[in-house]
*Asks:* 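Sending over a structure as structure tokens; questions will come in a sec.
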Amino acid sequence: MTATFTLAEMMPTPFLEGICEKVLQGERLTKEEGLVLFKTREPGELKAIQLLADQVRQQKAGEVVHFASTLYIHPTNLCELNCPFCSFYAKPGWEKAWFLTPAQIEEKILHHYPQGLTEIHIVGGLWRDCNLDYYQEVFTRIKKIDPELHIKALTPVEYDFLAKMHGLTVEEVFEKMISWGLNSLPGGGAEILVEEIRKKIAPGKISSERYLEIHKIAHQLGLSSNITMLFGHIESYEDIVTHLMAVRNVQDQTRGFKSFIPLKFGEENNALGKRKNRLQEKKLELIYGVSRLMLDNIPHLKVLWNYIGIENALEMLKWGGNDLSSTNLEEKIITMAGGIQVKMDQQMMTQLITQMGRTPRLTHTGQT
């Protein structure tokens with residue numbers, strides 16, 4: 001059981017004392033206070049933030065650490081965009097390009113199903129062969145295998161693409177997808193919700209405003225979602241705080257976000273990663289700790305071990321994290337950008353969480 005600390009026991013410096021006191025009293029931190037936290041460098045101050053984040057985690061989520069048994073389905077990496085930060089996309093004729101038919105997707109799921117899958121995570125490139133007829137067949141095949149398999153599918157970027165392709169509203173696209181078995185949305189495509197930066201790293205993607213609007217539409221229709229933040233590229237800490245504030249504002253309105261997911265930028269095999277002099281490394285502990293303290297209305301902070309490594313991921317469970325992601329079967333987006341490649345199963349996930357003195361719970365997005 002995590003200990004509960006008083007302000008005196010945390011021994012914050014005068015630099016952080018007022019912020020620590022606000023958090024302990026359950027008061028909301030401001031944007032300016034978020035920036036102050038990111039400027040923290042002294043060991044004693046970092047320890048105070050760690051204790052605060054862990055205490056808030058305990059209050060909101062207890063000692064349970066969630067994880068899922070997830071199969072990633074990437075229907076295609078063919079994409080009309082060519083975002084500088086992306087290692088995933090391909091163009092026709094490229095050796096690394098692929099396209100999966102609905103039948104091939106069904107075969108892939110049947111292959112992994114005996115491992116006890118709890119959810120299917122579907123994201124891919126913006127490609128016109130992946131239209132509504134395609135997803136109707138994919139979803140129908142999945143629910144035929146097991147009606148209880150949770151379908152967590154497509155980002156707001158993909159829903160906007162589908163709506164424009166078919167001449168429909170996003171609401172109409174969601175309604176069709178729900179009728180075919182859609183259960184929730186993953187959090188991808190957020191990158192950084194600051195237009196100046198977003199236009200540099202993902203110039204063809206929808207705006208920050210449109211991205212959040214589509215999440216709000218999903219929430220209004222009863223769909224829950226996660227939301228991500230890509231860090232460690234050309235963004236500043238001020239951009240990160242702006243992103244956190246935008247997410248918190250939407251959550252105040254809808255209460256539809258289940259998890260916040262920091263994503264460490266993968267530098268391999270993309271144009272942005274080659275510009276090493278432009279990349280701004282961020283302190284991992286502060287990304288997680290400050291996210292937990294600023295996002296006082298989002299219950300879960302998800303730690304992706306395949307982005308930051310298993311050892312770092314377990315450490316982030318001490319900095320506010322309460323979700324160790326999943327088995328991540330056949331995940332390709334971060335793998336193609338240099339992510340950690342470990343064959344993970346439910347037993348290993350359970351052992352990792354237990355060794356941290358926490359209680360593992362197998363689940364999926366709809367149950368957390």
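Just so it is clear, the values below take in all heavy atoms, side chains as well, and ignore hydrogens, waters and symmetry mates.
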*Asks:* Could you work out the complete set of other residues in the hydrophobic cluster of Val64, with links drawn between I, L, V, M, F, W and Y side chains under 4.5 Å apart?
*Replies:*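 None; Val64 is a cluster of one.
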*Asks:* Under 6.0 Å between ring centres, would you say that holds for Tyr159 and Phe174?
*Replies:*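 When the ring centroids of Tyr159 and Phe174 are compared, they turn out to be within the sub-6.0 Å range.
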*Asks:* Quiz question: by atom type and distance under 3.5 Å, do the side chains of His219 and Thr254 form a donor-acceptor pair?
*Replies:*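 Yes, because at least one side-chain N or O of His219 sits under 3.5 Å from a partner of the opposite role on Thr254.
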*Asks:* Ignoring hydrogens and geometry beyond distance, is a side-chain donor-acceptor pair present between Lys47 and Gln50 at under 3.5 Å?
*Replies:*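 Checked: Lys47/Gln50 side chains pair up, N/O donor to acceptor below 3.5 Å.
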*Asks:* So do the side chains of Lys60 and Pro299 get within less than 4.5 Å of each other, counting heavy atoms only?
*Replies:*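 A side-chain contact is absent here, since even the closest heavy-atom pair is not under 4.5 Å.
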*Asks:* Is the shortest side-chain N to carboxylate O distance from Lys144 to Glu137 below 4.0 Å?
*Replies:*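 Salt bridge: no.
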*Asks:* Using the ring pair (Phe, Tyr, Trp, His ring centres under 6.0 Å) criterion, which residues pair with Phe161? Sequence neighbours excluded.
*Replies:*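 Phe161 satisfies ring pair (Phe, Tyr, Trp, His ring centres under 6.0 Å) with no residue once adjacent residues are dropped.
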*Asks:* Does a sphere of radius 6.0 Å around NZ in Lys176 hold more than 12 heavy atoms from other residues, nucleotides or ligands, not counting ones at 6.0 Å or beyond?
*Replies:*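 No, not enclosed.
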*Asks:* Run the salt-bridge test on Glu285 and Lys318 with the 4.0 Å N-O cut-off and return the result as yes or no.
*Replies:*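 Not counted as a salt bridge, because no side-chain N and carboxylate O are separated by less than 4.0 Å.
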*Asks:* Going by the salt bridge (Lys or Arg N to Asp or Glu O under 4.0 Å) test, which pairs reach into residues 217-242, not counting sequence neighbours?
*Replies:*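 Of all non-adjacent pairs touching residues 217-242, those that pass salt bridge (Lys or Arg N to Asp or Glu O under 4.0 Å) are Glu235-Lys282.
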*Asks:* Side chain to side chain contact (heavy atoms under 4.5 Å, CB included) with Thr155: which residues, sequence neighbours excluded?
*Replies:*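 If we apply the side chain to side chain contact (heavy atoms under 4.5 Å, CB included) test to Thr155, skipping adjacent residues, the hits are Val123, Val157, Glu158.
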*Asks:* Are there over 12 heavy-atom neighbours, none belonging to Lys276, within less than 6.0 Å of that residue's NZ?
*Replies:*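 Buried by this count: over 12 neighbours within 6.0 Å.
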*Asks:* Check ring pair (Phe, Tyr, Trp, His ring centres under 6.0 Å) between Phe260 and all other residues, then give those that pass, not counting sequence neighbours.
*Replies:*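 Ring pair (Phe, Tyr, Trp, His ring centres under 6.0 Å) list for Phe260, sorted by chain: empty.
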*Asks:* Restricting to side chain to side chain contact (heavy atoms under 4.5 Å, CB included), what partner residues turn up for Glu106, sequence neighbours left out?
*Replies:*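 Result, side chain to side chain contact (heavy atoms under 4.5 Å, CB included) vs Glu106: Leu110, Arg141, Ile145.
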*Asks:* Would you please say whether a donor-acceptor pair under 3.5 Å links the side chains of Thr70 and Glu119?
*Replies:*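 Per modelled atom types, Thr70 and Glu119 side chains form a pair under 3.5 Å.
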*Asks:* Could you tell me which residues satisfy salt bridge (charged side-chain N to carboxylate O under 4.0 Å, His left out) with Lys143, sequence neighbours excluded, listed by chain and number?
*Replies:*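 In terms of salt bridge (charged side-chain N to carboxylate O under 4.0 Å, His left out), with neighbours along the sequence ignored, Lys143 is linked to no residue.
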*Asks:* Is Glu213 salt-bridged to Arg210, going by a charged N under 4.0 Å from an acidic O?
*Replies:*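 Yes, charged N to carboxylate O under 4.0 Å.
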*Asks:* Which residues pass the side chain to side chain contact (heavy atoms under 4.5 Å, CB included) test with Gln341, sequence neighbours left out?
*Replies:*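 Partners of Gln341 by the side chain to side chain contact (heavy atoms under 4.5 Å, CB included) criterion, ordered by chain and then number, come out as Thr335.
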*Asks:* Is it true that, when you exclude Glu196 itself, more than 12 heavy atoms of the residues, nucleotides or ligands shown sit nearer than 6.0 Å to its CD?
*Replies:*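 Not buried by this count: 12 neighbours or fewer within 6.0 Å.
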*Asks:* Assess the pair His243 and Phe231: is the distance between their ring centroids shorter than 6.0 Å?
*Replies:*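 When the ring centroids of His243 and Phe231 are compared, they turn out to be at least 6.0 Å apart.
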*Asks:* Using links of under 4.5 Å between side-chain heavy atoms of ILVMFWY residues, direct or through other members, which residues join Tyr72 in one cluster?
*Replies:*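 Listed partners: none, Tyr72 stands alone.
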*Asks:* Less than 4.0 Å between a side-chain N and a carboxylate O, is that true for Asp252 and Arg248?
*Replies:*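 No salt bridge links Arg248 with Asp252.
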*Asks:* Who passes ring pair (Phe, Tyr, Trp, His ring centres under 6.0 Å) against Phe88, sequence neighbours left out?
*Replies:*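 Only His74, Trp98 meet the ring pair (Phe, Tyr, Trp, His ring centres under 6.0 Å) criterion with Phe88.
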*Asks:* Do Lys274 and Glu267 meet the salt-bridge criterion of a basic N to acidic O distance under 4.0 Å?
*Replies:*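 The answer is no: the pair does not qualify as a salt bridge.
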*Asks:* Can you tell me how far apart NZ (Lys152) and OG (Ser184) are? Round to the nearest 0.5 Å.
*Replies:*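 Answer rounded to 0.5 Å: 6.0 Å.
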*Asks:* From Leu293 CG over to Leu286 CG, what is the distance, rounded to the nearest 0.5 angstrom?
*Replies:*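 Going from the CG atom of Leu293 to the CG atom of Leu286 covers 10.0 Å.
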*Asks:* Tell me whether Gln351 at atom CD has more than 12 heavy atoms from other residues, nucleotides or ligands lying less than 6.0 Å away.
*Replies:*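 Result for CD/Gln351: enclosed.
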*Asks:* Taking side-chain hydrogen bond (donor to acceptor under 3.5 Å, both in side chains) as the definition, give me every residue that meets it alongside Lys200, ordered by chain and number, with sequence neighbours left out.
*Replies:*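 By the side-chain hydrogen bond (donor to acceptor under 3.5 Å, both in side chains) rule, Lys200 matches no residue at all.
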*Asks:* Centroid separation under 6.0 Å, is that true for the rings of Tyr89 and Trp94?
*Replies:*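 Yes; Tyr89 has its ring centre under 6.0 Å from that of Trp94.
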*Asks:* Anything under 30° is parallel, anything over 60° is perpendicular, the rest tilted; go ahead and classify His215 against Tyr211.
*Replies:*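 Geometry flag for Tyr211 against His215: perpendicular rings.
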*Asks:* Please list, chain by chain and in numerical order, all residues satisfying side chain to side chain contact (heavy atoms under 4.5 Å, CB included) with Cys130, sequence neighbours excluded.
*Replies:*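 Partners of Cys130 under the side chain to side chain contact (heavy atoms under 4.5 Å, CB included) test: Pro75, Thr76, Phe99, Tyr134, Tyr135.
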*Asks:* Please check if the number of heavy atoms outside Lys283 that lie under 6.0 Å from its NZ is greater than 12.
*Replies:*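 At most 12 heavy atoms, drawn from other residues, nucleotides or ligands, come within 6.0 Å of this atom.
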